[in-house]
Amino acid sequence: MAQEEQERPVPPPTVREATTFGGMTSTTLLAGGAGLDRRIEWVRVMETPETVMRMRRHELLLTTTYPIKDDPSAQVGLIADMARIESAGLVVKLGRYLNELPKDMLEEADRHSLPLFSIDPEVPWSDLMEPLLKRIINAEHWRLQRSLDIHRRFTDLVLDGKGVTEICSTLSELLESAVSVEDASFHLLAHAGGAMHDPHRRETIAHHGSPPRAILDPRIQALLRQVDAHRSPTKVPAFPHVGMNRERIIAPIFASNQVLGYISVLEHPPHHEELAFMAVEQAALVAAIALTKEREVAEVEARVRGEYLDDLIMGTYGDESAAERRARHLGYPLQGLHVLLIADIDDLRGFIRSRQINEETIQALKRELLRRTSTVVRRSHARALLGARSDSVLALVPVTGEADAVPRAMATLAREVQRSIDDWQPGFTVSVGYSAPVRAPEAVATAYREVSGVLETLSRFKRWQQVVAVPDLGLTGLLAGVNDDRLVAFAERHLGLLSEHDRSRGGALLATLGAYLEAGEQQAAARRLRIHPNTLRYRLERIREITGAELENPETRLNLAVALRIQALLGL
């Protein structure tokens, strides 16, 4: 029973409660009754007209009106000044200097919902102050004691090596509330407690992070900026348009002036709100310590592996023996064959321009892209090297098994990366390209130039959300790094007349030419197109007439085949 009494919250009294004990029972409410639920955190006696300038929020002011007894405008101004600083209320002794309060003063109190009381001049101020201050001091004592207890409990978690999951569970238990912890990219790190009444919370848990429509919503972006600037727990309103149907308390997790994440408290009992603010503040502090520790370990490992990958793709790894030593240190199997995969954000500049997002959000999105790509790749290739460059994520994957199975496996991996980004719904898409199996370390730089060159060319032609197997492009892949205008000019020079013919007449000469060049002879091409051989021969004659090309000439056939590949690659 004693333990229960100790745990029971002792909040500061409201004005309404104060009228039920001590000298406040002798007061008469004159105006401002709508503000009776204001909190009283201190009591002050008005000695001079400047007293109100020294007051803090939630203070109750007692006065005989002596400093302003002869100044009606100061009497009304006193109410306005107290309302501006969110005072608790005003108690006036009538009968000494004023027998009644002016009507304008009462109306001002009603307008600001500032409780205004009168009291008999014979009642000592101490009869009002002592019971109120005792209750206020008890509340402050309870608050400090609970703050120390909460701090000790969370600190013990960190000292015991516990992480974010345990911090989240402890906070949920303390507050009897639903709690979630997300990183700066809004990936869900932990959640605990509470019912699942809130649709936003259900979706967050189902998708392991807040839905992008919420993260990128301008109103929520503005709100998060305010929360970050405040740097302490803040109560925020519901946002029904993104599924947030309940108000919540949000606290940023700060370390070295950087936001590491957010703690959100949902469905907190109103009588525990003060406890919630204290506990969330302490939880955010220890979560910052835990996240910093986890991040430092992960960043060191990622940086070392990323730097090694950078050296491989740039060819700056030194000699082969040095590359092998670093590979052994990282546990990466340098022997055998490797495929370089690149996931590139489509039109990042356009995305940033359309959403008007800040640099911090951009970096958070890039971190989440790296995290999601890494998760997908490591699911099947645990020892892969991963890193980020600009708006791309790179993965060097060791391949094993039958050579024929590699292209199919890499195409599946590329589509899984795209699906992971689609599920995330960040507002942009990615294109994924991958190289042929190559030897490491010497051939990785060449693979990087080929894959990145193809993806850059596709991006310039707005060929987005592609999966590109660079080995399948052959010579076209090598040409992808050539100046765009020269590529277009090459395709136009060899196929421009045929393209115009097919556009104007609804013809199929380009398709016929492609089938013929791929099949190598007329009978096989006719079967592929499902047309009669005579029809094929007629079309080939028309191609010769329009282009003047000698289809039997090997050089001509090569040029036409490359031009067709360029058209398909660039979507011309």
Side-chain angles (χ1 to χ4, degrees), residues 306-317 337-351 366 369-370 373 377 384-397 399 406-407 410-411 413-415 417-418 421 428-495 558-572:
E307 286 173 355
Y308 182 48
L309 178 57
D310 269 349
D311 284 341
L312 290 176
I313 65 173
M314 300 307 294
T316 55
Y317 53 82
L337 296 175
H338 313 261
V339 171
L340 183 69
L341 178 144
I342 301 178
D344 185 60
I345 299 176
D346 295 323
D347 191 27
L348 179 60
R349 289 184 180 178
F351 170 76
K366 288 183 178 182
L369 174 66
L370 174 60
T373 305
V377 172
L385 296 176
L386 287 119
R389 285 179 71 85
S390 185
D391 52 358
S392 301
V393 174
L394 286 66
L396 187 64
V397 178
V399 294
V406 172
M410 295 310 300
L413 183 62
R415 286 193 292 271
V417 169
Q418 286 188 327
I421 306 308
F428 57 73
T429 58
V430 296
S431 291
V432 183
Y434 56 90
S435 71
V438 298
R439 295 283 176 185
E442 65 274 8
V444 176
T446 301
Y448 172 70
R449 286 195 298 272
E450 290 179 358
V451 178
S452 59
V454 169
L455 290 176
E456 287 172 12
T457 298
L458 289 175
S459 177
R460 287 194 291 268
F461 281 87
K462 300 183 179 181
R463 297 277 288 167
W464 296 326
Q465 211 168 3
Q466 303 291 308
V467 171
V468 185
V470 173
D472 293 348
L473 299 178
L475 179 60
T476 313
L478 293 175
L479 293 174
V482 174
N483 176 276
D484 296 342
D485 293 338
R486 291 175 61 189
L487 280 180
V488 173
F490 181 87
E492 180 67 20
R493 183 165 65 251
H494 290 281
L495 300 176
L558 175 62
N559 288 337
L560 291 172
V562 170
L564 285 167
R565 287 290 187 92
I566 290 172
Q567 273 197 342
L569 179 68
L570 304 184
L572 299 177

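This one's a predicted model, so the numbers in the text were calculated from it and none came from an experiment. Note that the numbering runs from 1 along the sequence shown for the chain.
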Trainee: Do you know the tightest heavy-atom contact between Q418 and V430?
Mentor: NE2-O, 2.9 Å
Trainee: How far does CG of L337 sit from CZ of R439, to the nearest 0.5 angstrom?
Mentor: 4.5 Å
Trainee: With sequence neighbours left out, write down each residue that passes side-chain hydrogen bond (donor to acceptor under 3.5 Å, both in side chains) with R415, or none if nothing qualifies.
Mentor: none
Trainee: Rounded to the nearest 0.5 Å, what separates atom CG in D346 from atom CD1 in I421?
Mentor: 11.0 Å
Trainee: Do L341 and L394 make a side-chain contact, defined as non-hydrogen atoms from C-beta onward lying under 4.5 Å apart?
Mentor: no
Trainee: Tell me, do S452 and I342 make a side-chain contact under 4.5 Å, heavy atoms counted?
Mentor: yes
Trainee: Given side chains that start at C-beta, do those of V406 and V339 come closer than 4.5 Å, heavy atoms only?
Mentor: yes
Trainee: Between V438 and T446, is the side chain to side chain contact (heavy atoms under 4.5 Å, CB included) condition met? List the steps.
Mentor: CA-CA 9 Å; V438 298; T446 301; over 6 Å; no
Trainee: Take F428 and Q465 through the test side chain to side chain contact (heavy atoms under 4.5 Å, CB included) and record every step on the way to the result.
Mentor: CA-CA 9 Å; F428 57 73; Q465 211 168 3; over 6 Å; no
Trainee: Please lay out, stage by stage, how K366 and V393 fare under the test side chain to side chain contact (heavy atoms under 4.5 Å, CB included).
Mentor: CA-CA 9 Å; K366 288 183 178 182; V393 174; over 6 Å; no
Trainee: Roughly how far, to the nearest 0.5 Å, is OG of S435 from CZ of R449?
Mentor: 12.5 Å
Trainee: Kindly indicate, with the supporting measurements, whether the criterion side-chain hydrogen bond (donor to acceptor under 3.5 Å, both in side chains) is fulfilled by S431 and D344.
Mentor: CA-CA 5 Å; S431 291; D344 185 60; over 6 Å; no
Trainee: So, for A411 and Y434, which heavy atoms are closest and what is the spacing to 0.1 Å?
Mentor: CB-OH, 3.5 Å
Trainee: For V377 and L413, work out which heavy atoms get closest and say how close.
Mentor: CA-CD1, 4.1 Å
Trainee: Let me have the donor-acceptor pairs involving side chains of residues 306-314, under 3.5 Å, with sequence neighbours excluded, atom names and distances please.
Mentor:
| from | atom 1 | to | atom 2 | distance (Å) |
| --- | --- | --- | --- | --- |
| Y308 | OH | A323 | O | 2.7 |
| D310 | OD1 | R389 | NH1 | 3.3 |
| D311 | OD1 | T316 | OG1 | 2.9 |
| D311 | OD2 | R326 | NH1 | 2.8 |
| D311 | OD2 | R326 | NH2 | 3.1 |

Trainee: Distance-only, no hydrogens or angles: does the Q466 side chain make a donor-acceptor pair with backbone N or O of W464 under 3.5 Å?
Mentor: yes
Trainee: Looking only at heavy atoms, which two atoms of A388 and L370 are closest? And how far apart?
Mentor: CB-CD2, 4.5 Å
Trainee: Quick one: side-chain hydrogen bond (donor to acceptor under 3.5 Å, both in side chains) partners of S459, sequence neighbours excluded?
Mentor: none
